[in-house]
Amino acid sequence: MSMQILTTKLYIPTTRPETVTRPNLMARINRGLHTRLTLISAPAGFGKTTLVSQWVDSCENAVAWLSLDENDNDPYRFLTYFVAALQTLAPEVGEELLRTLHAPQPPAIKSLLTSLINVITTIPDEFFLVLDDYHILDEQEIDSALVFLLDHLPPQMHLVMTTREDPQLPLARLRARGQLT
């Protein structure tokens, strides 16, 4: 089973010239880059995607982007796109994991997560992965996968998430450990 990737989901949205800059919010994002997760949560129309796009424009590190949609509620599809986003930074990473994801009988998601983390460790430089519109996903298995990922996140990776509502992640625990901005 092979899945075709819609590459435009991996594009970083461009900012328009007339967009209002928000230096205080950009500075807050930058101050939190030592954590594992930056969570930008606000109602529709508050400019979450625009803010992160502006921040990416000023970022000195590599950034991968994944714009989520309703179809990404399938954990295997989500992981496929997750790896595809990583491949925008390092095209050679994750090929074996993608073959495993698309096998006729793919293993359980939990067993794939260790492979995913091992793939991430092969990316040598510090980088950021943006998951845009995370509120669209409601699959508990994806939340569990992200918890596992955050618990074992390699030091060169930082996750940025935009959402209209707080995700079903252990935010209090992450905040108490200084792993959440």
Side-chain angles (χ1 to χ4, degrees), residues 5-70 72 78 81-91 93 116-117 120-138 142-143 145-181:
I5 298 293
L6 179 61
T7 57
T8 55
K9 289 171 53 87
L10 308 176
Y11 290 1
I12 299 169
T14 56
T15 54
R16 294 173 294 198
E18 70 275 3
T19 303
V20 175
T21 58
R22 294 176 278 181
N24 291 341
L25 292 176
M26 300 262 288
R28 191 162 181 194
I29 292 172
N30 285 326
R31 281 193 309 270
L33 295 181
H34 66 281
T35 64
R36 294 178 183 209
L37 174 64
T38 295
L39 178 65
I40 300 165
S41 182
F46 273 60
K48 299 173 294 294
T49 300
T50 301
L51 171 67
V52 176
S53 295
Q54 288 175 327
W55 171 77
V56 167
D57 288 345
S58 68
C59 186
E60 296 178 6
N61 295 90
V63 177
W65 189 283
L66 175 53
S67 295
L68 298 166
D69 63 40
E70 298 82 11
D72 298 322
F78 173 80
Y81 271 99
F82 195 99
V83 172
L86 294 175
Q87 288 179 329
T88 65
L89 304 177
V93 303
L116 175 62
I117 291 168
I120 294 168
T121 63
T122 65
I123 300 174
D125 300 318
E126 184 177 9
F127 71 96
F128 304 96
L129 175 62
V130 177
L131 297 177
D132 190 30
D133 288 334
Y134 190 78
H135 61 274
I136 291 174
L137 305 184
D138 58 10
I142 294 172
D143 290 337
L146 281 178
V147 170
F148 184 84
L149 175 66
L150 287 166
D151 285 345
H152 301 91
L153 200 66
Q156 73 270 30
M157 182 180 176
H158 180 85
L159 194 61
V160 178
M161 185 182 295
T162 70
T163 181
R164 292 182 186 171
E165 56 192 40
D166 286 349
Q168 297 298 309
L169 303 175
L171 299 179
R173 183 185 75 186
L174 291 168
R175 188 175 290 113
R177 292 181 178 173
Q179 299 171 343
L180 173 68
T181 299

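Throughout, residue positions are numbered sequentially from 1 according to the sequence presented. Note that the structure is a prediction, hence the values are computed from the model and not measured. Values reported hereafter were calculated over all heavy atoms of this structure, with side chains retained and with hydrogens, waters and symmetry mates removed.
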R22 and T50, any side-chain heavy atoms less than 4.5 Å apart: yes

Minimal non-hydrogen separation, A62 against L89, with atom names: CB-CD2, 3.7 Å

For V52 against I40, the heavy-atom pair lying closest together: CG2-CD1, 3.3 Å

Pairing residues for P154 by the side chain to side chain contact (heavy atoms under 4.5 Å, CB included) criterion, not counting sequence neighbours: I117, I120, T121, Q156

Y134 and L39, any side-chain heavy atoms less than 4.5 Å apart: no

Verdict with supporting geometry, D69 and K9, side chain to side chain contact (heavy atoms under 4.5 Å, CB included): CA-CA 9 Å; D69 63 40; K9 289 171 53 87; 3.0 Å; yes

Test side-chain contact (heavy atoms from CB on, under 4.5 Å) applied to W65 and T88, V56, L131, L129, the passing residue: V56

Residue E18 excluded, over 12 heavy atoms near CD under 6.0 Å: yes

From CG (D57) to CD1 (I12), nearest 0.5 Å: 8.0 Å

Donor-acceptor pair, side chain of Q54 and main chain of V20, under 3.5 angstrom: yes

Value rounded to 0.5 Å, distance of CG in L68 from CE in M161: 8.5 Å

Separation of R177 CZ from T35 OG1 (nearest 0.5 Å): 14.0 Å

F127 and N61, any side-chain heavy atoms less than 4.5 Å apart: no

Side-chain touch L150/Q179, heavy atoms, less than 4.5 angstrom: no

E165 side, atom CD; S41 side, atom OG - distance, nearest 0.5 Å: 8.0 Å

Atom pair CG/CG of L37 and L180 - distance to nearest 0.5 Å: 5.5 Å

Show which side-chain atoms of residues 24-31 pair as donor or acceptor with protein atoms under 3.5 Å away, not counting sequence neighbours.
{"residue": "N30", "atom": "OD1", "partner": "W55", "partner atom": "NE1", "Å": "2.8"}
{"residue": "N30", "atom": "ND2", "partner": "M26", "partner atom": "O", "Å": "3.3"}

Nearest non-hydrogen partners of L66 and A85, listed with the distance: CB-CB, 4.3 Å

Backbone of V93 reached by a side-chain donor or acceptor of Q87 within 3.5 Å: yes

Main-chain N/O of P13 paired with S53 side-chain donor or acceptor, under 3.5 Å: yes

Separation of H152 NE2 from R36 CZ (nearest 0.5 Å): 8.5 Å

For the student: nearest non-hydrogen atoms of T163 and K48, plus distance: O-CD, 3.3 Å

Report, one line per pair, each donor and acceptor closer than 3.5 Å where one atom sits in a side chain of residues 168-175; sequence neighbours left out.
{"residue": "R173", "atom": "NH2", "partner": "D151", "partner atom": "OD1", "Å": "2.6"}
{"residue": "R173", "atom": "NH2", "partner": "D151", "partner atom": "OD2", "Å": "3.4"}

L159 and F128, any side-chain heavy atoms less than 4.5 Å apart: no

Side-chain donor/acceptor of T38 to backbone N/O of V160, under 3.5 Å: no

